[in-house]
2 protein chains.
Amino acid sequence: MSESSRKILSDNNVSITNPRILVLEALMESRNPQTIDDLQKKLENKVAKSTLYRVLGDLKKINVLHEFTSPDNTTVVELLLHDDEHHHHLFCGDCGEIIDVGLSNEFEKLLSEEIKKIERKFNFQINDHRVEMFGTCTDQCSNCK
Amino acid sequence: MSESSRKILSDNNVSITNPRILVLEALMESRNPQTIDDLQKKLENKVAKSTLYRVLGDLKKINVLHEFTSPDNTTVVELLLHDDEHHHHLFCGDCGEIIDVGLSNEFEKLLSEEIKKIERKFNFQINDHRVEMFGTCTDQCSNCK
DNA sequence: ACAATAAATGAGAATAAGTCTCATTTATTA
DNA sequence: TAATAAATGAGACTTATTCTCATTTATTGT
């Protein structure tokens with residue numbers, strides 16, 4: 001585990017430091033996206049706040065981290081490992097949980113055709129897209145561990 | 001124009017006040033989404049900052065305003081009028097412009113089927129979705145006024 | 001392995017978006 | 001038109017994020 005966080009850093013020519021390893025390990029602890037607050041709790045002050053933000057910035061720069069904002073305006077962060085598939089997000093408005101979801105190939109194919117149309121229409125070059133779904137988990141949040 | 005902002009308020013049982021009319025008019029000035037900063041500039045201190053945020057909150061509550069976050073983490077706001085169609089957003093990473101885009105009925109239909117699958121799989125009730133596309137406008141930002 | 005150099009870190013100050021408070025003003029209604 | 005409730009303005013406050021700079025750590029060439 002510690003092995004692979006070192007690998008991520010060296011593969012991207014980023015120097016291997018303790019804070020970077022600790023942050024990567026905290027990120028790897030949960031598969032789904034997590035808030036900065038979650039991270040800070042996991043890190044238990046082993047990494048200074050300023051360093052945490054700097055390390056997250058470094059990881060974004062080498063494209064192993066994806067940062068976005070949940071509907072309640074909280075910054076959320078998730079590790080993108082090479083074997084991760086393209087996926088989207090499902091947000092629970094009750095408990096705040098964010099779940100990774102994959103959509104069908106058929107859907108992604110149609111979406112990429114739509115995107116081509118939009119590129120032509122607006123003279124854009126589109127390099128990424130995102131589908132977000134909002135709702136509530138019924139069933140007393142059984143999904144939300 | 002001032003007429004319709006009054007109508008929006010009275011239709012929703014919200015008292016008609018000057019700040020509310022001014023904010024609505026500033027929102028109506030541009031069709032595409034705009035930042036809080038844009039709004040403040042348009043309002044030229046005619047509405048206090050605290051009032052601006054309060055009015056935006058009021059408008060969200062009566063569902064005539066949609067608030068979201070652009071990829072550079074800026075809060076963005078757009079008026080939802082009754083004759084507006086369901087639409088999505090295209091973000092330019094160069095100039096920051098956000099453009100409303102409609103996708104085909106065929107696409108929306110397939111997406112709603114995908115959503116039904118996700119609802120079953122995760123035992124969720126999904127009530128909204130959003131497709132965001134990211135890129136850059138080629139052609140020296142000709143779209144970006 | 002070691003010294004020199006560059007890069008990263010910690011601590012806390014600074015910034016900025018958004019919220020809150022409360023005295024005053026404005027809209028609504030009877 | 002007066003009474004009442006609601007909305008506003010001004011600025012203090014909060015909180016997330018960024019910045020600064022002195023100190024520590026990693027890297028590299030010998």
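Order of the sequence lines sets the chain letters (A, B, ...), proteins ahead of strands, with each chain counted from 1.
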* **Nucleotide C:dT9, atom C1' - distance to CG of A:Leu43 in whole Å** => 14 Å

* Structure fact -> note: B:Leu22, atom CG; D:dA7, atom P; distance rounded to Å ~ 16 Å

* Asked: Would you say B:Phe124 and A:Met133 make side-chain contact, with heavy atoms under 4.5 Å?
  -> no

* Expressed in angstrom and rounded to an integer, what is the separation of A:Leu39 atom CG from D:dA16 atom P? -> 14 Å

* To do: Please lay out, stage by stage, how A:Val64 and A:Leu59 fare under the test side chain to side chain contact (heavy atoms under 4.5 Å, CB included).
  => CA-CA 6 Å; A:Val64 301; A:Leu59 298 177; 3.9 Å; yes

* Asked: Heavy atoms, side chains only, cut-off 4.5 Å: are A:Ile118 and B:Leu103 in contact?
  -> yes

* Asked: Which atom pair, heavy atoms only, marks the closest approach of A:Phe107 to B:Leu110?
  -> CA-CD2, 3.8 Å

* How does protein reach along nucleotides 18-30 of chain C, written 5' to 3' as B (base within reach of a heavy atom under 4.0 Å), S (only sugar-phosphate), or - (no contact)? -> BBBB-----SS--

* Structure fact -> Heavy-atom closest pair (B:Ile126 atom, A:Leu90 atom, distance to 0.1 Å) is CD1-CD1, 3.7 Å

* Between B:Leu56 (CG) and C:dA17 (P), how many Å, whole number? -> 14 Å

* Derivation of the salt bridge (Lys or Arg N to Asp or Glu O under 4.0 Å) call for B:Asp37 and B:Lys41 -> CA-CA 6 Å; B:Asp37 219 57; B:Lys41 270 177 203 131; 3.2 Å; yes

* Asked: What closest approach, in Å, do B:Asp100 and B:Pro33 show between heavy atoms, and which atom pair accounts for it?
  -> OD1-CD, 3.4 Å

* To do: Would you mind reading off the distance between A:Arg20 atom CZ and D:dA26 atom P, rounded to a whole angstrom?
  => 11 Å

* Asked: Starting at CG of B:Asp72 and ending at P of D:dT18, how long is that distance when rounded to a whole Å?
  -> 12 Å

* Check step by step if side chain to side chain contact (heavy atoms under 4.5 Å, CB included) holds for B:Asn127 and B:Gln125. => CA-CA 6 Å; B:Asn127 48 50; B:Gln125 187 147 1; 5.7 Å; no

* To do: Mind calculating the distance between CD1 (A:Ile21) and P (C:dT9) to the nearest angstrom?
  => 10 Å

* Can you give the dot-bracket line for DNA chain C, where a pair is Watson-Crick or G-U wobble with both atom distances under 3.5 Å, crossing pairs use [ ], and | marks a partner on another strand? -> ||||||||||||||||||||||||||||||

* side-chain hydrogen bond (donor to acceptor under 3.5 Å, both in side chains) between B:Glu114 and A:His88, worked out -> CA-CA 12 Å; B:Glu114 292 286 314; A:His88 299 286; over 6 Å; no

* Structure fact -> Separation of D:dA16 atom C1' from A:Phe68 atom CZ, nearest Å, is 18 Å

